[in-house]
Protein chains: 2
Amino acid sequence: MSATIKDIARKVGVAPSTVSRVLSNKSKYYTSETAEKVKAAARELGYKKNQAAVELVKKQSNVIAAVVSSVKTNFAGQIIDGIQSEASKHGYNLIVVYSNSASAEEQRKALLTVIERPVMGILLLSIALSDDNLNMLKESDIPYCFLSMGFDDDRPFVSSDDMEIGYEATKFLIDKGHRRIGLAAIDKYPYTGRLRLAGYKKALSEVNIVPEDSWIQSGDYSYTAGESAMKAYGKDTELTGIVAASDMAAIGALNQARSLGLHVPDDVSIISIDGTEMCQIVQPQLTSVSQDFYKMGVVGVQRIEESVNSKTKSQNNQQLIPVHIYERDSTK
Amino acid sequence: MSATIKDIARKVGVAPSTVSRVLSNKSKYYTSETAEKVKAAARELGYKKNQAAVELVKKQSNVIAAVVSSVKTNFAGQIIDGIQSEASKHGYNLIVVYSNSASAEEQRKALLTVIERPVMGILLLSIALSDDNLNMLKESDIPYCFLSMGFDDDRPFVSSDDMEIGYEATKFLIDKGHRRIGLAAIDKYPYTGRLRLAGYKKALSEVNIVPEDSWIQSGDYSYTAGESAMKAYGKDTELTGIVAASDMAAIGALNQARSLGLHVPDDVSIISIDGTEMCQIVQPQLTSVSQDFYKMGVVGVQRIEESVNSKTKSQNNQQLIPVHIYERDSTK
DNA sequence: GCAAGTTAAGCAAACGTTTGCGCAATTAGA
DNA sequence: TCTAATTGCGCAAACGTTTGCTTAACTTGC
């Protein structure tokens, strides 16, 4: 029931096209006098652009969509922050839709909500798409980019170098003098876990160590996975250092270690992967291999922008963001 | 460039209107035979509905929008979870936009992204709208509802009963035998803080205690506000119990207490407000007055639904969700 | 003072759907 | 067999913008 461009046109006594041009700042098609009158009328009538109409005719909008696997990943916020700030720098709007990655049907619904309107690009945050849904995405011809996870195939993504993460975390402990080092709560088979595991093994092999099977406790990056891993290592573990798959896993391991009567870092050192603010609110504060999630968001938006501008597929569409180690109190 | 309803119509040899009716399941206007052919063609052409066109003609969509004040509030996730699940139960889609509540301009942009399209309702998560922006929202004629914060005026909202929160938290400590109880990191003047403060005072007055000024350390609910409050109380504080304004504030206070050499709960008990998962990952685990954020999301969606169905303004548009106390290890 | 160029503004088509209405063909009722 | 009701489907308008084209008026250069 709200005012349209035609109402304004009638009120001012000009054509709708003129109003449109004034309101979208297509300069040089009207006098500043007309412009003023139009703007005044628009204000007065409380005019709101109907984006549906705009998008219908322009077949392009200035909104970027982010599909997030779940509200629970505690770094999603940082990525979104990055996206938001870069997007708003370029005048794009951001809408986020959440999808429980467990269900392909939920994924599909989330994806459709964004595909069915002319968004300028889609960013996927740590979401594992089913084949059908990935196909749907590809066929939509909307630029997209995965964030914080990598792939074997040629899908565009920006993430950390997971091999480097595994390597650097392990190397850090090795340099501190540790030799018997565990890897906790990591998912061994998917791309990310596989690379981190490879990095871990590489670092160990450089000092001629082959990890025993029991050193590697796989899991799903969760708090409880961290707990279970620590439980499996046990009170009398031979390990002196642990690389935890995520902050939450590290905290799980940390708390479980305390329950077992182990002191961190005196009895066992823990280094965490991710480096969210969680690391700083637990005690002892967790040493971490920190990913630059904010930057991932920023770069993600830039990739979308490139895809939009140069219709030709850029060749370098898989980008790695460097990580940094922050030494805190959980290692020695 | 993707297929439209007309392409399907041409391919099958029927009118676009028939295709439309088939695709939106308007039964009784076509034979099942036609329906099959249409659906097959749609699949074959990879047809995607253009929502912009749909919304333009229907002036109504099935999307609910949530405007979130910042990615950082750690309970927003729970509210969104609740919204999501209730929304998808009714076949609505959810889009989220983030807005830094600090800047009225950012707020305005976020609000416009959702107002400028025919969303069925707007949910505002712990966001303090400027007057201008509130007016814009009201004038849009889109149903809206604030979540997790209350107001003096007649705006629709669903939140916890902040008076009860302050009262119950304090009462809990009183019942444990505490008499000198502090209130930390609360924002004294806005609605929420004011009510919690009132509840705190009420509980104390029931046992004939008037809190000293130094017992009440105001702040902004943050980790550092919790830290500062505890610092202000000091190592030799006369307080035996503290009500912290939020989980983060409680953790700040907890860690600061430890730095000061105070043991929780032996030297001082801490009860936290919010009850997010944070309470369970720190040690000692925090006793909390837990808000049912998930339910707020659910109820928020229901309120929107009501507004849509009965165009008449419901009178009972301010709803309070009960809180629960979970006793953990930070109080005794 | 006149042709050429410039400027401000209007006309109308187009975007992809939905839906009220109309029409023909079929079926039912008698 | 004839009228009435029903069924299946098509026509065309409508939603609110944008934008290429046209036009009229005005300015400039000579």
Side-chain angles (χ1 to χ4, degrees), chain A residues 1-39 41-42 45-63 112 115-120 140-142, chain B residues 1-39 41-42 45-63 112 115-120 140-142:
Chain A
M1 199 54 40
S2 79
T4 77
I5 228 173
K6 288 184 190 164
D7 298 325
I8 301 181
R10 202 172 316 125
K11 174 157 187 165
V12 178
V14 299
S17 43
T18 302
V19 176
S20 167
R21 291 192 248 253
V22 170
L23 262 22
S24 28
N25 291 310
K26 296 249 183 313
S27 53
K28 297 293 145 214
Y29 284 103
Y30 45 83
T31 56
S32 52
E33 190 191 359
T34 321
E36 278 319 309
K37 281 195 288 185
V38 166
K39 283 180 189 160
L45 295 172
Y47 172 73
K48 297 275 160 353
K49 215 183 260 246
N50 181 329
Q51 285 294 352
V54 176
E55 286 166 12
L56 180 57
V57 45
K58 299 229 270 193
K59 294 157 156 254
Q60 241 264 41
S61 73
N62 66 154
V63 353
L112 273 180
I115 290 186
E116 284 183 346
R117 53 199 83 224
V119 297
M120 63 176 293
S140 76
D141 270 338
I142 301 174
Chain B
M1 200 53 42
S2 78
T4 78
I5 227 174
K6 288 182 190 165
D7 297 325
I8 301 182
R10 201 172 315 122
K11 174 154 186 170
V12 178
V14 298
S17 43
T18 301
V19 175
S20 167
R21 290 192 249 254
V22 169
L23 260 24
S24 30
N25 290 310
K26 295 249 182 313
S27 53
K28 296 296 147 211
Y29 285 101
Y30 46 83
T31 55
S32 52
E33 192 191 0
T34 322
E36 278 320 309
K37 281 194 289 186
V38 166
K39 284 181 190 161
L45 295 173
Y47 171 73
K48 297 272 163 353
K49 214 182 259 245
N50 181 328
Q51 286 293 352
V54 175
E55 286 166 14
L56 179 57
V57 45
K58 300 229 267 193
K59 295 160 153 253
Q60 241 265 40
S61 74
N62 65 156
V63 354
L112 273 180
I115 289 185
E116 283 183 346
R117 53 199 82 223
V119 298
M120 63 176 292
S140 76
D141 269 339
I142 301 174

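Basis for what follows: all heavy atoms, side chains included, without hydrogens, waters or symmetry-related copies. Throughout, a chain's letter reflects where its sequence line sits, starting with A, and its residues are numbered from 1.
As a whole-Å value, the separation of A/Arg117 CZ from D/dT17 P is 17 Å. Computed from coordinates, the A/Lys58 NZ to D/dG16 C1' distance equals 13 Å when rounded to whole Å. As rounded to whole Å, 13 Å separates atom P of C/dG16 from atom CD1 of B/Ile8. Between A/Arg10 atom CZ and C/dG10 atom C1' the separation is 16 Å, expressed in whole Å. Counting to the nearest Å, the C1' atom of C/dC15 and the CD atom of A/Gln51 are 15 Å from each other. If you measure from atom CG of B/Leu56 to atom P of C/dT18, you get 11 Å, rounded to the nearest angstrom. Going from atom NZ of A/Lys48 over to atom C1' of D/dG16 covers 15 Å, rounded to whole Å. For the pair B/Asp7 CG and C/dC15 P, the computed distance is 11 Å after rounding to whole Å.
Distance from the side chain of B/Ser17 is smallest to C/dT19 among C/dT19, D/dC21, D/dG16. Closest to the B/Ile5 side chain, of the nucleotides C/dA9, D/dG16, C/dT17, is C/dT17. Of all nucleotides listed (C/dT17, D/dT18, D/dG16), C/dT17 comes nearest to the side chain of B/Lys6. Side-chain proximity of A/Ala15 to the nucleotides D/dT17, C/dG10, C/dT18 is greatest for C/dG10. Residue B/Asn50 places its side chain closer to C/dT17 than to any other of C/dA9, C/dT17, D/dG16. Closest to the side chain of B/Tyr30, out of D/dC9, C/dG16, D/dT18, is D/dC9.
The 5' end of DNA chain D is approached more closely, in terms of each residue's nearest nucleotide, by B/Thr18 than by the other of B/Thr18 and A/Lys49.
For C/dT19, neither phosphate oxygen OP1 nor OP2 lies less than 4.0 angstrom from any side-chain nitrogen or oxygen of B/Ser20. The side chain of B/Thr31 places no N or O atom within less than 4.0 Å of a non-bridging phosphate oxygen (OP1 or OP2) of D/dG8. The shortest distance between the side-chain N/O atoms of B/Tyr29 and the OP1/OP2 oxygens of C/dG20 is not below 4.0 Å. Contact check, A/Thr4 against D/dC15: no side-chain N or O comes under 4.0 Å of OP1 or OP2. Residue B/Lys59 places none of its side-chain N or O atoms closer than 4.0 Å to OP1 or OP2 of D/dA14.
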Working for side chain to side chain contact (heavy atoms under 4.5 Å, CB included), residues A/Asn50 and B/Glu116: CA-CA 5 Å; A/Asn50 181 329; B/Glu116 283 183 346; over 6 Å; no
CA sep, side-chain torsions, deciding dist, call: B/Gln60, B/Glu55, side chain to side chain contact (heavy atoms under 4.5 Å, CB included): CA-CA 6 Å; B/Gln60 241 265 40; B/Glu55 286 166 14; over 6 Å; no
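When all heavy atoms of B/Pro118 and B/Lys59 are compared, the closest pair comes out as CB-C, 4.0 Å.
Between the side chain of B/Thr34 and the backbone N or O of B/Tyr30, no donor-acceptor pair lies under 3.5 Å. For the pair A/Ser140 (side chain) and A/Ile142 (backbone), a donor-acceptor distance under 3.5 Å is present. Using a distance-only test at 3.5 Å, with no hydrogens or angles considered, a donor-acceptor pair links the side chain of A/Thr4 to the main chain of A/Lys6.
Under 3.5 Å, the side chain of B/Arg21 and the base of C/dG20 form at least one donor-acceptor pair of N or O atoms.
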